[in-house]
Amino acid sequence: MDKGWLVVAAVVIAVAATMFFTTSNPGKPPEGMVLIPGGTFLMGSRGDEGKVGFQVGVDEMPQHPVSLRPFLLDRYEVTNAQYQRFVEATGRPVPADEKDPEYYSWVDGHPPAGQEDYPVCYVTWADADAYCRWVDKRLPTEAEWERAARGDDNRIWPWGNSFDPAKCNVMETGLRWATPVGSFPEGASPFGVMDLCGNVAEWTASWYEPYPGSTLQRAAFGKEMRVARGGAWVLTAEPWSRATNRNLAQPPTLKHRTVGFRCAK
C-alpha cells in the first residue's frame with residue numbers, strides 16, 4: 001500500500017474514532033459538555049398546555065416532529081472568565097452597556113469583580129457566534145436547545161411540569177441579577193444541562209420563522225431576528241422561561257444585560 005493510501009486510511013480511522021467518541025460513547029463527552037441523544041421529538045406546543053397568548057405563545061404552535069442527530073451542548077452558559085480569554089486572544093471588544101457604561105462595563109479588559117463565573121452578557125449574536133467558532137464549536141439551533149431542555153417526555157420546564165422558583169433564576173426568584181452558572185442544580189434538564197430556565201436568555205443559530213403548518217404572519221418572521229431561548233432573571237417565568245417559549249427573538253445586533261449564550265457541537 002502506498003503512502004497516499006496510508007494517509008487516507010489514517011484520516012478515516014481518526015474521523016471514525018471521533019464520531020464514536022461523541023455519539024456512541026456517551027460516558028465521555030468533552031469536558032464541560034453533555035451528549036444529547038438524537039432521535040425524533042415533538043417541538044412546540046399543542047395549545048392545551050396553558051392559556052394561548054399567555055402561557056403558550058401562538059408562535060410555538062403547531063407542535064411538530066423534529067428529527068435530530070446526536071449533539072453536544074455546553075453544560076453551562078459561557079461565563080465572563082471564558083469570554084475574557086476570547087477577548088484577550090482575538091482583540092474583540094469587551095462587553096459593555098453602550099448606552100450607560102456606568103451601569104455595566106468591564107474594566108481594563110476584566111469583567112466586574114466577583115462576576116467571573118457569571119454568564120457573559122451584552123454580547124451580540126455575532127459575538128456569540130465568533131466565540132463558539134473560536135472554541136471549535138457552534139451555536140445550537142432552536143430545535144437542539146428545546147430538545148436539551150425538554151428531554152424525552154416533552155416537559156414544560158427542564159425539571160418537570162410544575163414551576164418552582166427555587167430551581168431557576170427568574171423574576172419570581174427575587175435575585176435581581178444573574179447568578180454564577182450552575183447555581184440551581186435542581187433545575188437541571190433531564191440530560192444534566194444547567195440554567196436552561198432563566199438566568200440569561202441564550203442566542204441560538206436559528207432565524208425567527210413560523211413553524212411548519214403555521215398560518216401565523218408576523219413582520220418579524222424571516223431573516224431579521226435570531227431566536228433567543230430560556231427567559232432571564234428580569235422576566236417572569238410565565239411565559240418567558242417555559243422550554244417552548246420563543247418570544248425573545250431579537251435583532252442580531254442587540255446587546256443586553258439579559259442575553260448570553262452557550263455553545264454546541
Side-chain angles (χ1 to χ4, degrees), residues 36 41-45 47 49 52-69 71 73-74 77-78 119-133 137-150 154-158 168 170 189 193 195-265:
I36 311 298
F41 81 106
L42 292 175
M43 184 174 181
S45 297
E49 302 93 337
V52 174
F54 180 62
Q55 287 102 340
V56 178
V58 293
D59 59 352
E60 60 192 69
M61 299 186 294
Q63 194 174 74
H64 56 287
V66 175
S67 296
L68 295 173
R69 297 175 60 186
F71 64 97
L73 187 66
D74 285 348
E77 294 156 328
V78 172
V120 67
C121 58
Y122 288 104
V123 288
T124 66
W125 184 91
D127 291 332
D129 179 65
Y131 173 91
C132 289
R133 292 176 184 271
K137 300 178 185 179
R138 59 174 175 79
L139 286 171
T141 66
E142 182 182 14
E144 288 172 335
W145 192 100
E146 185 168 322
R147 164 71 172 146
R150 302 189 75 186
N154 276 16
R155 54 189 58 191
I156 296 173
W157 310 95
C168 61
V170 293
S189 83
V193 184
D195 302 315
L196 290 171
C197 170
N199 219 21
V200 294
E202 301 172 15
W203 288 117
T204 74
S206 300
W207 293 107
Y208 186 47
E209 301 275 11
Y211 280 167
S214 173
T215 59
L216 183 65
Q217 296 184 357
R218 283 185 171 173
F221 284 152
K223 302 221 172 4
E224 298 289 337
M225 304 280 193
R226 294 282 187 177
V227 175
R229 287 291 198 113
W233 58 268
V234 75
L235 296 171
T236 57
E238 297 274 14
W240 308 104
S241 293
R242 289 166 64 103
T244 54
N245 184 271
R246 57 200 305 255
N247 276 345
L248 284 174
Q250 299 290 345
T253 55
L254 176 77
K255 291 184 177 182
H256 199 267
R257 62 186 180 275
T258 62
V259 181
F261 66 100
R262 73 180 74 222
C263 304
K265 190 168 185 174

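Any value given below was found using the heavy atoms of this structure, including those in side chains, with hydrogens, waters and symmetry copies removed.
When all heavy atoms of G230 and S241 are compared, the pair lying nearest together is O-OG, 3.3 Å. Taking each heavy atom of D59 and R218 in turn, the nearest pair found is OD2-NH1, 3.5 Å. Residues E146 and L42 come closest through the heavy atom pair OE2-O, 4.3 Å. Residues A249 and M225 come closest through the heavy atom pair CB-CB, 3.9 Å. Closest heavy-atom contact between G260 and V123: CA-CG2, 4.3 Å. R150 and A243 make their closest contact through CG-CB, 3.6 Å (heavy atoms, listed as atom of the first residue, atom of the second, distance).
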Worksheet item: Could you walk me through whether V56 and T244 pass the side-chain contact (heavy atoms from CB on, under 4.5 Å) check?
Response: CA-CA 8 Å; V56 178; T244 54; over 6 Å; no
**Request:** May I have the step-by-step check of side-chain contact (heavy atoms from CB on, under 4.5 Å) for L254 and W203, ending in yes or no?
**Result:** CA-CA 10 Å; L254 176 77; W203 288 117; 4.2 Å; yes
Mind running side-chain contact (heavy atoms from CB on, under 4.5 Å) on E49 and Q55 for me, showing each step along the way? CA-CA 8 Å; E49 302 93 337; Q55 287 102 340; over 6 Å; no
Practice prompt. Go through the steps to decide whether R138 and E144 satisfy the test side-chain contact (heavy atoms from CB on, under 4.5 Å), and finish with yes or no.
Written response: CA-CA 12 Å; R138 59 174 175 79; E144 288 172 335; 2.9 Å; yes
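A salt bridge links D74 to K137: at least one charged side-chain nitrogen sits closer than 4.0 Å to a carboxylate oxygen.
Between E60 and M43 there is no side-chain heavy-atom pair separated by less than 4.5 Å. Put simply, the side chain of I36 reaches to within 4.5 Å of the side chain of V193, judged on heavy atoms. A heavy-atom distance below 4.5 Å is not found between the side chains of E224 and Y208. At least one side-chain heavy atom of Q63 sits less than 4.5 Å from a side-chain heavy atom of N154. Proximity of W240 to V234: side-chain heavy atoms (C-beta onward) are nowhere separated by under 4.5 Å. Contact annotation: the side chain of P140 approaches that of L73 to within less than 4.5 Å [non-hydrogen atoms, C-beta and beyond]. Between L235 and L248, the closest side-chain pair of non-hydrogen atoms falls below 4.5 Å.
Both tests pass for R246 against the ring of Y211: distance under 6.0 Å to the centre and angle within 45° of the axis.
For the residue pair E142 and T204, no side-chain donor N or O sits within less than 3.5 Å of a side-chain acceptor on the partner.
Of the possible donor and acceptor atoms, none in the side chain of R226 sits under 3.5 Å from a partner among the backbone N and O of Q250. Checked by atom type and distance alone, the side chain of D127 pairs as donor or acceptor with a backbone atom of T124 at under 3.5 Å.
A side-chain contact (heavy atoms from CB on, under 4.5 Å) with E202 is found for exactly one of L196, V259, L139, namely L196.
C168 does not pair with C197 as a disulfide, the SG atoms being 2.5 Å or more apart.
Using bins of under 30°, 30° to 60° and over 60° for the plane-to-plane angle, the ring pair F261/Y131 lands in the perpendicular bin.
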